[in-house]
Each structure stands twice: as C-alpha cells, then as structure tokens.
Amino acid sequence: MKMSRRALLSIWSALVLAIASGVAHAQKAPNNTKPIRIAAIFFMHETVTFLPYDTQLSDFIYEGSPARGEALLGSDPNGYMGGFVKVAREHANVEVIGIESPLFPKTGTGSGWIDKSTYDHFVNKMISELKAQGPFDGVYLAVHGAMGVRNVAKPEAELARRVRQVVGPKAFIVGTFDPHGNEDEDFLRYANLAFCTKYYPHYDTYLQGERAARTLIRSIRGDYKPTTATRKPPILTPSVLQWTGRSPWMDLVQRALVWEAREPDVYVNFYYGFAFMDSNEAGMAFQVMTNGNPELANHIADDMANTAWRLREQLYYGTKVYSMKEGVKLAKESLAKKQVPVVLADHSDRSGAATWLLKEVIDQKLSNTLIGTVADKDAIEALRKKGVRPGDKFDMMIGGRVDESAGEPVRVVGTVNTVSGGMSRFGGGGGAQLWVSVKFGDGNELIISPYLHQNTAPAAFSEIGINAADFKVIAIKSRVHFRRGYYDSGWAKEILLVEPDQPFVGTVRLEALDYKHLKIENFYPFGKNVKYP
C-alpha cells in the first residue's frame, strides 16, 4: 500500500518525538526514583519563662519517651509527624528514620525554662545518632518555635545549626512550627523550609506535616528551590486574643490562604508570637517561601506584615476578658435564664494550680458546675498513698502554693466520685497518672490532676467517667483550644473568658510582666512611638 509523503513524514515525526520523549524520561527517571533517606526529629516545647520552676530531664523521661524508630514516627498520628510520615511513605524509594527524641514533657508543653543540661542531653544524642545512621538527604524537625532554654538564645535555630553541621550543605532541612512560635529569619539560615500551622485552635497540624514532607522531597529531587523572606511587625499579643475563628485574626489567615491559592508553590507562615516567653525574638512574624522567586517572596511578606500593622488595634483590643467575679456572676445569670451550658475559661492559669475560679464558684454558690482541673501534685500523691477510692469522704486544701499567681489553697469538702488514669491532651486516651474527682456543694464536681490540663472538648471528660452534659457550667483552664469542642461544635450557649484581678503570669496585661530580655516598649501597643515599617 502506497503512503503519501505527508503521511510518512507524520509517522516519522511521531516516532522521533516518542524516542526523544523516552530518552528524556529515561534521563529523568534515575533522579526521580533515586533512594532518599530522611531523618525525623521531635523536640517541642512552649516555654512559659515566668513560671518559678524549670523543666528538667526527668520531665521528658517516662514510659514511651524518649522514642525512636517507628515508635517516634507513630507517636503523633494526627499531628505534624503523622502527616509527614504518611506523605513521605507515599513516595517511591523514600525511607524515614526516627531519631531518638523526647516527646511532650509530663508537665505539658507550657512549663518553665528548660535547663541547658536537659537541652544538651537530648540534642547531643540526636546529633550522635545522625552521625551514626547517616548520610541523610533530608532532615525533618518537628519543633514548636517558642522553646525557651536557659543560656541558649534560639533553641530551634541552634538545633537546625547543629543538624546542618552533620548533614552538610547539600542536604535539605525542613521544620514544622506552632503558630505561637517566636520566630525570625535565623532558623532559615540553617534550614531550607518551614511550615507553620495557621489556625488556632490548631486544626491543620497534620496538613502542615504533609506539606513539609512533599516539599522536602521535591527539594531533594530538584523540583523545588526554596527561596524565603521574613518580616516581623512589632506587635505583641497574649495568646487568648488570637482566636482565628473571628476577625481580625481570621482575616490574616484568609489573606495567607489567598496568596497560597493564587500563586503556585507559595507558602505563607503566620506566627502570632508567644508573649509569655521572655525572649528577644518574641512577637509576630511572617515567613514566605517560593520556588526560586525572591521578588515574589518579599512582596508577599511585605503585604502580610503591612496588613497586620493596619489591623493592630483590633488584634489587641478585639476580645472581651472578665474578672473572675464578673464571669461567675454572669454564669449565674445565664443559669437563671436557662441559657446553658456555659463555659468559664480561665485563660491565665499557666501552672494549672490556680484556685481563683474555684474560690469564686464557692463564694458565689454557683451550682451544677464541673471544674476541670485544678493541678495539685502533692494532693494526688497523698491520695495515692491513702489508696483513694470512689465513695471516700474528702476534706482537703487544694491548689495554690506554686506561686502567688496560683492563689491560696481552697478547702474542698465532699465525696470522691472517680479515680482514674487521667484525660489526654485532646481527648483520645488517658494515661497512667492518677486523677481524682470530688463531688461537693450544690451539684458541683472538682477534678484534681497532677499537672496543668487544657480541656478542649466536653467528650474528653468521659475518659475519666464523667458526663459533661450532666452539668450546666464547665469551668476549665484553657486559652483558645477549648473552642474546638465547645464553640465550633455548637455545644456551649455562652463562653466567658476570665482572669484574676491581679495581672499574674498569664494575664492579657502584658505590661505587668517582669520582662528581662524582651523590650516591651518596642512593641505595639506598649510603646508610644512604635512604627512600622
């Protein structure tokens, strides 16, 4: 069969293109399927430097912590680590190795200064293991951003620096951060990438872990060239004001999301800052990452920082906070009107031992109230030694003692209702701690825990045998995380933020805190002549 010259040329052209495409694919294939080894490290702490006690080595060591290998990689399945590991293992020829790391301390993430010997102990072990198990193409650092270590200026940046010394200049380092990080450009002097949770409550930790893994692997394989820009508008706010379910905090998150949606390969980090860590780098920050486009990174960083500065008055003054007396009085009025359930959230208690709200509940004879929790390690130990059981008569002085911000111990007389292993941080399986609840007064119940617990959802109380629906008022120690279970779910009819009359450790009145390192007068709204840019 004869074929026209045009047909022969078409077949020949298609054949040449197919061969060329195959050659090009063959040339790229080894790069895309080259084995990749990634080390994963976890060291996360939100340090309240105004607390009178340090966070020590023993606080990080308990059953399951430190963790390494698969135990570390599976330690946070719904958070940063879970998202990172899931996506990394979806890629061909990618191996993730869990480097021995401490998990959250027993005292919770919001405890006092970490002493330097504790920090050095864990970082030295991490570095030794990186050397022993290397070489690595990439390193994942699951950190917080507001870790405070005595005599270490920027602990997360220092960790990245030491990791860089081991893995060399060609490896890529990525970090995931809490939005309460007090970050500047220093972490990215040593690391290549950073991904920060956007929402408060922190709904998107898993998502940021996924992004970190995907972009790290793209960088290692040459598909992403990280270019970053950082801006720090001088705005300092307490964490209870930073709820992203309402403007203007919601507006800044949305603006970051719009930039990410309209520009391919752009990532915008919004660090709200953590004012209860006395550090030079405290305060708000924005980081922008692009794929090899520094002009765009700088443009977006300027836009985000300038927008925040325009919104500064609303950012600081847009949330109502009541005194303990006012809050409990309003809760009583809501009970009378049957506008229940009501949440009384003591956002200011950083030790967990504060008794101000408990005392006001008793003094004003508030009824049908679940108080969860007051931390009292000594009381728990005394109850443990007695072999406490449900049904036992109870008469003890509870709470206080830690420092003046905790108030005085309060006498509670009643009957032990539950003895349990405690609630988890976000309501997913308790632990081996001893928690005790006591029924007292007119339908009230107090939960005593060994450490600060931020309750985030009414369902969590079921872990210790208590049904939150049996109460009309829930009094908790929490800043914003509780809104996931009480507001976003539609559970509570009213939410009242309260703090003591005195401006103690967790106050919204930051000017009352005894900052030694941070110059508060350099930040809005505390300095008279603060300007930006």
Would you indicate whether [X], at its atom [atom1], is surrounded by more than 12 heavy atoms from other residues, nucleotides or ligands within a distance under 6.0 Å?
X: K106; atom1: NZ; answer: yes
X: K198; atom1: NZ; answer: yes
X: E521; atom1: CD; answer: yes
X: E381; atom1: CD; answer: yes
X: Y515; atom1: OH; answer: yes
X: R509; atom1: CZ; answer: yes
X: F50; atom1: CZ; answer: yes

Quick one: does [X]'s side chain have a donor or acceptor within less than 3.5 Å of a partner on [Y]'s backbone?
X: W356; Y: S405; answer: yes
X: S437; Y: T418; answer: yes
X: K439; Y: N417; answer: no
X: S420; Y: I464; answer: no
X: E100; Y: R68; answer: no
X: D278; Y: K516; answer: yes
X: D349; Y: A354; answer: yes
X: N444; Y: L366; answer: yes
X: S348; Y: G506; answer: no
X: S128; Y: K125; answer: no

Would you indicate whether the side-chain heavy atoms of [Y] and [X] approach each other to under 4.5 Å?
X: E183; Y: E156; result: yes
X: F482; Y: I474; result: no
X: T118; Y: D59; result: no

Supply the atom-to-atom distance [X] [atom1] to [Y] [atom2], rounded to the nearest 0.5 angstrom.
X: L497; Y: T319; atom1: CG; atom2: OG1; value: 7.0 Å
X: L193; Y: R211; atom1: CG; atom2: CZ; value: 12.0 Å
X: T49; Y: R350; atom1: OG1; atom2: CZ; value: 10.5 Å
X: Y190; Y: Q165; atom1: OH; atom2: CD; value: 9.0 Å
X: I476; Y: L370; atom1: CD1; atom2: CG; value: 9.5 Å
X: F504; Y: L513; atom1: CZ; atom2: CG; value: 11.5 Å

For the residue pair [Y] / [X], report whether a side-chain donor-acceptor contact shorter than 3.5 Å exists.
X: E281; Y: S279; answer: yes
X: Y451; Y: T373; answer: no
X: Q242; Y: T237; answer: yes
X: Y80; Y: T197; answer: yes
X: H45; Y: S111; answer: yes

Determine the minimum heavy-atom distance between [X] and [Y], stating which atoms define it.
X: G327; Y: L344; answer: O-CD2, 3.5 Å
X: Q454; Y: S478; answer: OE1-OG, 3.1 Å
X: G372; Y: F461; answer: CA-CE2, 4.3 Å
X: Y206; Y: N78; answer: CB-O, 3.6 Å
X: E408; Y: T355; answer: O-OG1, 2.7 Å
X: S323; Y: V498; answer: O-CG1, 3.8 Å

Would you please classify the geometry between the Y119 ring and the F43 ring as parallel, tilted or perpendicular, with 30° and 60° separating the classes?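 Taking Y119 first and then F43, their aromatic rings lie parallel (interplane angle under 30°).
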According to the interplanar angle, ranging from 0 to 90°, do the rings of F286 and F270 count as parallel (below 30°), tilted (30 to 60°) or perpendicular (above 60°)?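 Plane angle under 30°, so parallel.
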Side chain to side chain contact (heavy atoms under 4.5 Å, CB included) evaluation trace for D376 with R401: CA-CA 9 Å; D376 192 328; R401 301 187 185 94; 2.9 Å; yes
Have a look at M126 and tell me which of L159, V166, V163 forms a side-chain contact (heavy atoms from CB on, under 4.5 Å) with it.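 Exactly one candidate clears the test, L159.
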Apply salt bridge (Lys or Arg N to Asp or Glu O under 4.0 Å) to the pair D184 and K154, showing each step before the final yes or no. CA-CA 10 Å; D184 55 20; K154 299 179 181 181; 2.5 Å; yes
Does the pair T507 and E499 meet the rule for a side chain to side chain donor-acceptor pair (under 3.5 Å), with working shown? CA-CA 7 Å; T507 182; E499 72 167 60; 2.8 Å; yes
Do F42 and F122 have their ring centres less than 6.0 Å from each other?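 No, they do not, as the ring centres are separated by 6.0 Å or more.
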So that I know where these two stand, are F526 and Y316 an aromatic pair - ring centroids less than 6.0 Å apart?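 Here the rings of Y316 and F526 have centres that are less than 6.0 Å from each other.
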Please step through ring-ring contact (aromatic ring centres under 6.0 Å, His included) for the pair Y200 and H202, ending with a clear verdict. CA-CA 5 Å; Y200 190 21; H202 303 339; 5.0 Å; yes
Tell me, with the steps shown, if R189 and E185 meet salt bridge (Lys or Arg N to Asp or Glu O under 4.0 Å). CA-CA 7 Å; R189 293 185 193 279; E185 67 280 356; 3.4 Å; yes
Under the criterion side chain to side chain contact (heavy atoms under 4.5 Å, CB included), I'd like the reasoning laid out for F471 against T369: C-alpha separation, chi angles, the key distance, then a yes or no. CA-CA 6 Å; F471 300 88; T369 301; 5.8 Å; no
The single option from D54, D115, T47 passing side chain to side chain donor-acceptor pair (under 3.5 Å) against R150: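 One option only clears the test, and that one is D54.
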Centre of Y524's six-membered ring, under 6.0 Å away, within 45 degrees of the axis: is that where NZ or CZ of R312 sits?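 Yes, cation above the ring, under 6.0 Å and within 45°.
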Could you walk me through whether D363 and K325 pass salt bridge (Lys or Arg N to Asp or Glu O under 4.0 Å), step by step? CA-CA 9 Å; D363 288 350; K325 185 171 288 187; over 6 Å; no
Criterion side chain to side chain contact (heavy atoms under 4.5 Å, CB included) on V85 and Y140, from CA distance to verdict: CA-CA 10 Å; V85 172; Y140 167 47; over 6 Å; no
Sole residue of Y271, Y272, F276 in ring pair (Phe, Tyr, Trp, His ring centres under 6.0 Å) with H180: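 Of Y271, Y272, F276, ring pair (Phe, Tyr, Trp, His ring centres under 6.0 Å) with H180 is met by Y272 alone.
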Pair N124-R162, side chain to side chain contact (heavy atoms under 4.5 Å, CB included): steps then yes or no: CA-CA 9 Å; N124 288 341; R162 294 195 60 185; 2.9 Å; yes
